Amino acid sequence: MSAEIVWPRGRVVIVGAGVAGLMTALELAPRPVAVLSKGPVGAESSTLWAQGGMAAALGANDSPAQHAADTMAAGDGLCDAAVVDRFARAAPAAIEKLARFGARFDRTNEGGFALGLEAAHCRPRIVHATGDGAGRELMRALIAAARATPSIEILERFEARRIVVEDNSVRGVLTVGPGGPVLFATDKAVIASGGIGGLFEESTNPLGSFGQGLALAARAGAALGDMEFVQFHPTALDVAARPTPLVSEAVRGEGAILIDETGDQFMRDVPGQELAPRDVVARAIWRRRARGRRVFLDARAAIGTHFETRFPIIWAACCAAGLDPAREPIPVRPSQHYHMGGIAVEGEGQSSVAGLWACGEAAFTRLHGANRLASNSLSEAAVFGAIVARSIEGAPTRALKRLSAFPAPPPSDPSVVRPILSRAAGVMRDGETLRAAIGPLASLARSSPSAADPAAVALMIVVAALARDHSVGAHCRLDFPERPAAPRRSRMTLDEAFAAAAAIASDPLASRA
Ligand SMILES: Cc1cc2nc3c(=O)[nH]c(=O)nc-3n(C[C@H](O)[C@H](O)[C@H](O)COP(=O)(O)OP(=O)(O)OC[C@H]3O[C@@H](n4cnc5c(N)ncnc54)[C@H](O)[C@@H]3O)c2cc1C
């Protein structure tokens with residue numbers, strides 16, 4: 001069926017209604033925007049599930065410089081210092097703005113923000129809400145604020161299937177809504193579509209987060225960056241549920257320790273111990289489990305009977321699995337959690353396609369480097385949502401061209417991609433397994449009706465991971481364990497990924513993207 005064409009004069013189309021999409025929309029007010037949410041607003045959004053909170057230097061003994069230093073250290077040499085500095089300075093004001101939008105963060109008796117400590121932060125600087133319900137509170141407040149803003153139209157159950165591009169410029173966004181295909185003519189679109197966890201067999205993300213926005217940008221010709229940097233959260237609950245329930249870093253921040261089934265506190269001799277950066281802890285747990293051990297998070301002594309009130313969401317997940325964290329250690333294992341790479345954007349959130357911006361987890365801003373610092377993601381989305389809005393305000397308006405209707409691609413199904421990507425691009429990688437994934441992914445990306453877009457994103461991850469023949473941050477190669485003195489960033493278009501895949505098919509030793 002061909003699409004109905006809508007001409008929303010001057011309207012910006014935002015793909016995604018998590019913290020990034022809604023903040024951009026609110027910051028653009030009173031400029032008219034259409035916010036697309038492929039499900040009911042809030043559903044299928046990682047923001048809703050965020051537990052720990054938002055990082056910002058708000059404490060009396062803290063500073064943006066210290067927040068920036070911790071971000072740089074976790075990023076393992078691949079953060080962009082100027083981006084980090086700008087972010088750390090802007091984060092406190094972004095939190096204050098969210099509070100003005102109505103977010104009720106936990107407060108001290110004196111009325112200041114109650115600040116938690118998380119892994120690899122040198123100061124308590126995590127603003128939280130209802131204990132471990134930061135995301136739920138944030139979405140409640142942002143949805144209410146957006147619904148109360150006349151310039152924002154939230155279109156629920158509208159899924160973006162293609163960005164229409166001519167001469168490397170955005171011309172429209174092709175969607176499928178409840179009544180069928182609709183093509184929004186616009187010269188300005190923002191991708192705020194969240195993460196990629198749904199491309200993996202085990203992830204903490206909603207199943208619907210499978211990198212659709214990355215595929216939209218890649219098919220539109222945009223460059224993507226640092227695709228190989230995938231963060232695995234060390235402590236997902238080790239139960240059969242999918243997605244894997246998360247046991248936030250904040251639990252370790254309050255003193256819970258990691259042990260194996262013999263009671264050995266195996267992080268004792270690692271610098272930073274339980275609060276080392278995520279990649280370090282995830283690898284330590286992966287190695288224990290590879291030796292046939294089970295790993296547990298023991299919160300009995302540090303939190304004990306306070307667990308239920310301090311971490312009500314995690315407590316409920318434990319109870320659903322028949323566990324009582326006040327009385328027994330919680331079984332945990334690493335699970336895909338976050339994507340540091342994404343749509344490559346310049347300082348103001350602009351991609352390599354004119355009229356296409358990106359923010360939130362879908363964007364590669366160069367903030368996180370090779371490993372995201374805990375609780376920097378929600379803050380990044382809030383800060384860069386505002387930056388993108390200002391950039392759009394300053395961008396010229398281009399005359400909308402005549403568009404011809406064309407059929408929408410079918411809905412995507414990532415299920416065949418999951419086992420291939422999970423085997424190749426897990427906590428530990430090696431050249432042979434990565435190389436073996438490239439042929440099947442390239443073939444799916446070229447010709448599968450329903451798996452083409454998920455496979456295209458997975459192909460870009462695997463090609464970039466194969467080309468990175470060293471270990472740095474979250475990217476750990478068993479065959480190349482050395483860390484280079486000066487790691488480089490990676491960047492590629494989908495055509496370049498296909499070309500690299502073809503080169504590898506004809507010469508299995510070729511790997512450079
Ligand atoms: C369990 C869990 C706990 C976390 N805890 C924290 C934390 O404490 N602190 C922190 O900083 N970060 C945390 N994170 C990470 C953080 O939540 C995410 O990185 C962040 O919320 C991403 O926000 P976003 O707006 O970019 O994407 P999302 O919130 O995922 O929103 C994406 C939106 O895009 C929509 N969408 C996707 N594709 C399409 C399409 N094709 N058409 C239309 N709509 C589409 C989705 O439906 C959704 O509305 C956590 C993540 C998880 C999963």
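On a predicted model such as this, the values are computed, not experimentally measured, just so you know.
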Original post:
Under the salt bridge (Lys or Arg N to Asp or Glu O under 4.0 Å) criterion, do Lys97 and Glu27 qualify, and how do the steps go?
Top reply: CA-CA 10 Å; Lys97 179 163 274 184; Glu27 294 278 1; 3.1 Å; yes
Rounded distance (nearest 0.5 Å) linking atom [atom1] of [X] with atom [atom2] of [Y]:
X: Leu421; Y: Arg423; atom1: CG; atom2: CZ; answer: 10.5 Å
X: Asp298; Y: Ile259; atom1: CG; atom2: CD1; answer: 4.5 Å
X: Ile420; Y: Ile438; atom1: CD1; atom2: CD1; answer: 12.0 Å
X: Ser193; Y: Phe210; atom1: OG; atom2: CZ; answer: 10.0 Å
X: Leu224; Y: Ser352; atom1: CG; atom2: OG; answer: 8.5 Å
X: Ile285; Y: Leu297; atom1: CD1; atom2: CG; answer: 8.0 Å

Find out whether [X] and [Y] are in side-chain contact, i.e. whether some heavy atom of one side chain is under 4.5 Å from a heavy atom of the other.
X: Arg418; Y: Leu199; answer: no
X: Leu36; Y: Ile14; answer: no
X: Glu96; Y: Leu58; answer: yes
X: Thr244; Y: Arg333; answer: yes
X: Met492; Y: Val463; answer: yes
X: Ile343; Y: Ile191; answer: yes
X: Gln336; Y: Ile196; answer: yes
X: Val332; Y: Pro234; answer: no

Closest approach of [X] to [Y] (non-hydrogen atoms, all atoms of both residues):
X: Leu117; Y: Pro124; answer: CD1-N, 3.9 Å
X: Ala424; Y: Leu434; answer: O-CD2, 3.3 Å
X: Val247; Y: Thr235; answer: O-OG1, 2.7 Å
X: Met23; Y: Ala382; answer: CE-O, 3.8 Å
X: Pro245; Y: Val239; answer: CD-CG2, 4.0 Å
X: Val345; Y: Gly349; answer: CG1-O, 3.4 Å

Does [Y] offer a backbone N or O that forms a donor-acceptor pair with the side chain of [X] under 3.5 Å?
X: Ser46; Y: Asn205; value: no
X: His475; Y: His470; value: yes
X: Arg366; Y: Leu78; value: no
X: Glu44; Y: Gly208; value: yes
X: Glu274; Y: Arg252; value: no
X: Ser422; Y: Pro419; value: no
X: Arg123; Y: Ala57; value: no
X: Arg283; Y: Val427; value: no
X: Glu137; Y: Phe105; value: no
X: Thr493; Y: Gly221; value: no

So that I can tick it off, tell me whether [Y] and [X] are bridged by a salt bridge, with the cut-off set at under 4.0 angstrom between side-chain N and carboxylate O.
X: Asp260; Y: Arg294; value: no
X: Arg242; Y: Glu202; value: yes
X: Arg491; Y: Glu496; value: no
X: Asp453; Y: Arg219; value: yes
X: Glu159; Y: Arg161; value: yes
X: Arg310; Y: Glu254; value: yes
X: Asp479; Y: Arg429; value: no
X: Arg86; Y: Glu348; value: yes

Subject >> Greater than 12 external heavy atoms within 6.0 Å of Gln265's CD >> reply: yes
Please determine, by modelled atom types, if [X] and [Y] share a side-chain donor-acceptor pair under 3.5 angstrom.
X: Ser391; Y: Trp357; value: yes
X: Glu228; Y: Ser490; value: yes
X: Asn376; Y: Ser379; value: no
X: Gln66; Y: Ser63; value: yes
X: Asn371; Y: Asp279; value: yes
X: Ser415; Y: Asp413; value: yes
X: His233; Y: Ser335; value: no

**OP:** Kindly indicate, with the supporting measurements, whether the criterion salt bridge (Lys or Arg N to Asp or Glu O under 4.0 Å) is fulfilled by Glu249 and Arg278.
**Re:** CA-CA 9 Å; Glu249 225 118 32; Arg278 279 185 179 166; 2.5 Å; yes
Original post:
Step by step, would you call Arg468 with Asp226 a salt bridge (Lys or Arg N to Asp or Glu O under 4.0 Å)?
Top reply: CA-CA 10 Å; Arg468 192 174 284 283; Asp226 273 7; 3.7 Å; yes
Subject >> Verdict with supporting geometry, Ser169 and Val353, side-chain contact (heavy atoms from CB on, under 4.5 Å) >> reply: CA-CA 6 Å; Ser169 300; Val353 171; 5.8 Å; no
Original post:
Where do Ser375 and Glu118 land on the side-chain hydrogen bond (donor to acceptor under 3.5 Å, both in side chains) test, with the steps shown first?
Top reply: CA-CA 8 Å; Ser375 284; Glu118 287 189 0; 3.0 Å; yes
Original post:
Under the side-chain contact (heavy atoms from CB on, under 4.5 Å) criterion, do Thr365 and Glu380 qualify, and how do the steps go?
Top reply: CA-CA 9 Å; Thr365 60; Glu380 181 201 32; 2.6 Å; yes
Original post:
Any chance the rings of His67 and Phe87 have centres within less than 6.0 Å?
Top reply: yes
Original post:
Taking the six-membered ring for Trp, are the ring centroids of Tyr338 and His368 within less than 6.0 Å of each other?
Top reply: yes
Original post:
After noting the C-alpha distance and the side-chain angles of Arg293 and Asp264, does the key distance pass the salt bridge (Lys or Arg N to Asp or Glu O under 4.0 Å) rule?
Top reply: CA-CA 11 Å; Arg293 298 279 173 80; Asp264 180 20; 5.5 Å; no
Subject >> Aromatic Phe498 / basic Arg446 pairing, under 6.0 angstrom, 45° off normal >> reply: yes
